[in-house]
Amino acid sequence: MDVMPKWADVVLVPVVSLLLAMVISALVILGIGEDPWAALKLMVQGSFGSTYGWGYTLFYATNFIFTGLAFAVASHASMFNIGAEGQATLGGLGVALVCLALPWPHWALALPAAMVGGALFGAAWAFLPAWLAAKRGSHIVITTIMFNFIGAAVLNYMLVNVMRPAGSMDPASAKFPDGTNLPSLHDILAVVGIPFSKSAPANLAFIIALIACVVVWLLIWRTRFGFELRAYGKSESAAVYAGISPTKIIVVAMLISGGLAGMMAVNNVMGEAERLVLNSVEGAGFIGIAVALMGRNHPLGILLAAILFGFLYQGGAELALWMSIPRELIVVIQGLVILFTGALDNMVRMPIEKIFLAIRRSKQAAGE
Amino acid sequence: EPAIIFDLGGKFDKSFNESAYTGAKRWADKTGGTFREIEMQSEAQREQALRRLAESGSNPVVMTGFAFGNVLAEVAPDYPDTSFAIIDMVVDQPNVRSVVFSEHEGSYLVGMLAANASKSGTVGFIGGMDIPLIRKFACGYAEGVKAVNPDAKIISNMTGTTPAAWNDPVKGSELTKAQISQGADVVFAAAGGTGVGVLQAAADAEILSIGVDSNQNHLHPGKVLTSMVKRVDNAVEKAFDDGPGFETGIVVMGVSNQGVGFAMDENNANIVDANWKEAADMAAEKIASGELSVHDYMADNTCPALEF
Amino acid sequence: MKDLADTSGQPPGAAPNAPPAIELRGISKAFGPVQANKDISLSVAKGAIHGIIGENGAGKSTLMSILYGFYKADRGEILINGQVTQIPDSQAAIAAGIGMVFQHFKLVENFTVLENVVLGAEEGALLRTTMSNARKHLTEIAEEYEMNVDPDAVIEEIGVGQQQRVEILKSLYRNAEILILDEPTGVLTPAEADHLFRILRGLRDEGKTIILITHKLREIMDVTDTVSVMRRGEMTATVKTAETSPEELAELMVGRKVLLRVNKRPAQPGPTVLKVENLRVVDEDKVERLKGVSLEVRAGEILGIAGVAGNGQSELLNVLGGITRATGSVQINGQEIDLTGKHSDGRSRRKRGISHVPEDRQRAGLIMDFAAWENMVFGYQWDPALNTGWLMDNAGIKAETEGKMERFDVRPPNPQLAAKSFSGGNQQKIVLAREIERNPDLLLVGQPTRGVDIGAIEFIHQQIIDLRDAGKAILLVSVELDEIMGLSDRIAVMFDGQIMGERLPDETNEGELGLLMAGVTSGEGAR
Amino acid sequence: MDFSTLIQVLDSTLRLATPLLLACLAGLFSERSGIFDIGLEAKMLISAFFSAAVAYTSGSVWLGLLAGVAASMVFAFIHGLASITFRGNQLISGVALNFLASGMTVLIAQSWFQQGGRTPSLIGGARFEGVELPFAIGPSDAAAAGRPLNEMLSEAGPLQLFYSELISGHSILVYIALAAVPATWWILFRTRFGLRLRAVGENPAAVDTAGISVVGLRYAAIGIVGILCGLAGAYLATGLQAGFVKDMTAGRGYIALAALIFAKWRPWHALGACLLFGLLQALALRTDVVETLFPFKMPVQLLDSLPYILTVVILAGFVGKAIPPRAGGQPYVKER
Ligand SMILES: Nc1ncnc2c1ncn2[C@@H]1O[C@H](COP(=O)(O)OP(=O)(O)OP(=O)(O)O)[C@@H](O)[C@H]1O
Ligand SMILES: Nc1ncnc2c1ncn2[C@@H]1O[C@H](COP(=O)(O)OP(=O)(O)OP(=O)(O)O)[C@@H](O)[C@H]1O
Ligand SMILES: [Mg+2]
Ligand SMILES: [Mg+2]
């Protein structure tokens, strides 16, 4: 029997955890001799105060939606995929190869191909850890960590030795042809007459991320496969009883997860940089973990959490610019959010549960 | 309000970026003005940083490092009213000033000093990221060494192939130790923040080192032979002085216009023999007058004095 | 509390007027919303074997774990030999002379016997002397009580019987005067159980006090001096064993008269539905679990498989249910089914008309976090009837679930509730509803009434018989002999991975079946 | 490759293996007690910063070491709080702490020293200098002879070279790390504490019913982790280098974890694994040596990622199965 009503589990606990993380963050800001309130105002202003700010916030959020969904899908199968970083890195490689392979005439043609390329590469990078987990019982956490490092090395090799255009000193690929440039939110919103900053990088990929949320929701809660995936995630023994193949679930869940992470590259590589650079993922793979934890592995929650983290990112960049607070502050906040919403969940949950239990007991006593 | 963007490695790398910072600071102290600054944390943020500064009305915007080249070429046309200056790279846009240095010339001079100071006849070079720009340093250095001691042995290593190579002191010190064991007794570090490790290891092993970009002689007084200074500070200061709408195009800074050179101060006065200094000064004059030409690796991607 | 006997009555080994070895007063314990123990008082005389019985979940293990300091009671006090004793942790319990053998052993699997025995009872900070002394001491104890184990054997390599000895030796090594055993015979063969009881009697005769938790009334009657009954977290009675009967105890356990007879008409067997020949299963550790099992079940009959737990019944169900791979031959309605490869899974079996009510509903039959409606189609989610195109027909499934919950009297009949929110009996009804309403050709049922109260038992038995009467074949596995005797049309007894023999319920008795279950075939030892 | 180059590479291997070894042994204590710790990196990093910062400020490397260990202990304790007391997800806690350390160090460094997230370079007594073992040729001999050390070494025989270059001249922490290996073995397999620690990682319930506190044992393990990671971080900043730079651990915590798996959670094997990974790192620095070793051009990236690749191979069970402590990663929950 559940001790708490569902809303407490889904909303109250994460919100209290978040508040705690925020309080500690404020203390950290105080500690380095700055004014937390001013910092917060600046962050809000910088990320939501203009369409330019929104454009960056949504751009980052798009990355986090993809990696958050990636983590969540694997999570529902009780696979702890912390390899989204590497999968997104490889996804970037896939997207870049597709974009550079042909002189694309129009983005509408390039986009589906790039999505497939990114997803394919991301999924491929998740395949081996998945297969090893399913067939040889290798610990998915450790293998995916290892694959993050190996992925970084692969990208490094490709950019330095293979994809760097002759004469360039930058370890970066050539610029993608114009036919692959995705419309930005500025272009899209202009169609319906809404003015939006021209220079912010938010682009069509944001819409794709929203669609991905819906698709993932359908997949997890409406399809047979989602049913089987959740069943396996909750109880392996029961899944085997029901004739659900663990191997299939693990591998397919991880492929979907890796594919989603890989598709992130459509946003940052194809949509923004329009070339492949080193470390283009910038830790979004790890933030996906926090986003999924906060969003309780539900697409709607992930969307909201991703926007929150987009805000942190954009706001943090503003802090670095306008106050003398290093950008690392957002890394700290991010760590605190993960710590409180993820690892120290019980610290918040246990007292809240006690309160609900006490309320219930007293109600029962009154009823008797 | 002018603005400056520092590349990976950070403004306190004691080297390249710090030199730029010194210039900006000097301008601020001189004029009482303020400037805006951003340090890059990752490859992917370059564009955001540029745009954010241009967007917020900073002008001129100066950036240090060739890696901004691609991004600037894209951003500059979007902000035609903003003046940009880029160090170490040529970007062909009407509102961009490209400042490049004749590093080979300065390296040639410190190479001469190195050859003179070396007792073993073996000198070392430790570069940052393995790119033509750094090979240009190495090549000029090798030529300078050979000019003094044609039999000298030059050991050259690069720290890495990515921008991480600019900030890897551990690797710098390990490479230095390896070079020392191979007999090197003077080591030139052209590696940004990595050089801190090189200079440290050299000082620990009681051999001489040569700093780069900024004057690094003070880091280990009496143990840093000299520094190949690259007057990024001057370039930045000038760009700030010139202000918005400054003259654009390519600016080459070499020995002739004090863009590069070797540093002499109280920290190395005792270890640099007057004769060596005189020889180097003479060479500098010849280079300035065009009498002596140092090979530029980036001109044809070859180096007669050193194999990579 | 209903006091049926003067509990201070002196057992054989006790000194007159000595305070009770154990006295519990007003012990209460809640796990979150579950009240596992409610105001329990109990007194056990020194030198007695005291039995505790009660249904699953009655709170027996919880109570004993409190006595052993494993859990902390919310309220109440503990007296050892008349002294109020604080038992905040097991250390304190051990110091007070209490030893406990848990239902699930608490051994470090990859440690040796010796290491397990000394763990927590080391002599000093270094192991060297501890180990050599312990080896001597352990050998002495083992000899004294005829419990030979190899001190250097690694736990995971010895059998459960041996493991249990290690647990008892652990307690004796710590000089336990009070020994608690939680369902010790569940994993033992009758012979091993007999040996255990001999040891327990020997310990009692030395003046040690023993508490024995068991489900088996026979054991209570055999070895205990006094017995307590628990029901739903409360202590309902404590009686002298000599003054009670199994019937009375059963009634105390469930709270009303127990009717163990099942009303059913004679079977009308039809054609053979299931034909199993020479079925063999070798597990991961290369142990042969099924050693050539052959049997047949016909339409309209119930074949009951009796046996002590762990003799291959679970493996048989798992092979037929598609969970375990095997060699041999299985035919359904005359058609061979795959025992290995891609099509030997639960889904393929279900498509062939086999439904399976697993032995462990919580680990296998249900997803405890899923809602009732999701559980109602669990295992059949692939069925086109439950899907509309790509998506599952959730609305349709919910509607259907309501009907099934009503027909099977699942309470509360709310399809949205998670499976874990239902009581054990209602959980079992959900599984049965799902499997029976598929109208299968063959129903596999394992332990259908484990942990289910008597009212639900009657209902469940009736459903199984109705299915038989509808002409379906049913393979029933249960460790409860009464259930097997009551429901089956034929009884097969399994021992050590083999079928020892088949009997008709009317022509056999518990004694004969018991012998078969112990591996004694009628030729050798039948009366 | 000549002998002195070999000695050079091995010398470098030893230096680079030291932080890995300390962190790996830390992980060993942690995982043997049933707590997964992917936050080794965090503890090393925070210790690296505080040891450098305090050493710089106080001028004493020993005070720095103390501060580093203390900081590492604080982080270890947070991990303990999350994974033992609040029974949270140990992996998530590790991830969070890694972020926290990475950001925190730069943040504090910036507000303390204003040098862009680094500490000033350490000099003199603020650094661990090499320990000159008796009879070894070291800087003091060179000073006495008034000749360059290098020259003297190049004249020495192979045995003297081996002793002076490879064995002698390391910072004290290197020797401590090496000594920690037999110490760890002895503690684990020869003491009461070790027996209990191994038991609690396999079956905490067995330990609990034996009357020993599971929580206490695990916190004790966590404490050891704090000390060892503290040493590792301090070595990075005050021994291997002269000061803190941001993210200076550069993934060593993860390599240590990989080494732990490679070693199958055994102390002597851990030494072997860390030396191997140290050698790989040393070789990655010496591309000139690598070129003489391999007939083809070995990409540095491959060399860099070999530790990770080897770990995956081990995890795949193709080279002997790596069976982690059974209770690892799960909080000990008595009452639901
Ligand atoms: N650690 C625990 N956390 C939460 N609830 C528990 C725990 N242990 C037992 N319970 C609950 O307490 C109640 C009593 O359980 P207990 O194990 O004491 O019963 P039991 O009489 O020993 O049953 P069985 O015959 O199945 O062993 C049950 O409802 C059970 O689910
Ligand atoms: N471990 C547990 N955690 C949460 N709730 C539990 C737990 N064990 C039992 N419950 C709840 O306690 C209530 C009683 O459960 P229990 O299984 O003891 O019922 P019961 O009286 O034995 O009924 P039945 O005869 O149907 O098995 C149920 O509502 C169940 O949800
Ligand atoms: Mg029990
Ligand atoms: Mg029940």
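If you're wondering where the values come from, they're calculated on a predicted model, not measured in any experiment. Naming: A, B, ... by sequence-line order, numbering from 1 per chain.
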Working note: L126(C) + F193(D), criterion side-chain contact (heavy atoms from CB on, under 4.5 Å); need CA distance, chi angles, decisive distance, verdict. CA-CA 8 Å; L126(C) 301 187; F193(D) 174 71; over 6 Å; no

At a heavy-atom distance under 4.5 Å, which candidate from M100(C), Q91(C), K170(C) has the highest pair count against chain D?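 Looking at each option in turn, the highest pair count goes to Q91(C).
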
Could you tell me which of A93(C), G69(C), A121(C), G124(C) has the largest number of non-hydrogen atom pairs under 4.5 Å with chain D?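 Between A93(C), G69(C), A121(C), G124(C), the count favours G124(C).
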
Work out which heavy atom in [X] is nearest to a heavy atom in [Y]; give both atom names and the distance.
X       : Y       : value
G211(D) : I94(C)  : N-CD1, 4.2 Å
A210(D) : R174(C) : CB-NH2, 4.3 Å
L119(C) : A199(D) : CD2-CB, 3.7 Å
A205(D) : K106(C) : CB-CD, 3.6 Å

Looking at R196(D) and E115(C), is there a salt bridge between them, counting it only when a charged N and a carboxylate O are closer than 4.0 Å?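 No, E115(C) and R196(D) are not salt-bridged.
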
Chain C contact via R198(D) - side chain, backbone, both or neither, heavy atoms under 4.5 Å: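 Contact with chain C involves both backbone and side-chain atoms of R198(D).
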
Please round to the nearest 0.5 Å and tell me the distance separating atom OG1 of T209(D) and atom CZ of F102(C).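 The distance works out to 5.5 Å.
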
Separation between CG of L127(C) and CZ of R192(D), rounded to the nearest 0.5 Å: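 It is 9.0 Å, given to the nearest 0.5 Å.
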
D89(C), part contacting chain D, at a heavy-atom distance under 4.5 Å: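 Contact with chain D is absent: no heavy atom of D89(C) under 4.5 Å.
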
Do you see a donor-acceptor pair shorter than 3.5 Å between the side chains of N203(D) and E109(C)?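 Not at all, the side chains of N203(D) and E109(C) share no donor-acceptor pair under 3.5 Å.
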
Working note: L195(D) + V118(C), criterion side-chain contact (heavy atoms from CB on, under 4.5 Å); need CA distance, chi angles, decisive distance, verdict. CA-CA 9 Å; L195(D) 181 78; V118(C) 298; 4.0 Å; yes

Take atom CZ in R326(D); do more than 12 heavy atoms of anything else shown fall under 6.0 Å from it?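 Yes.
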
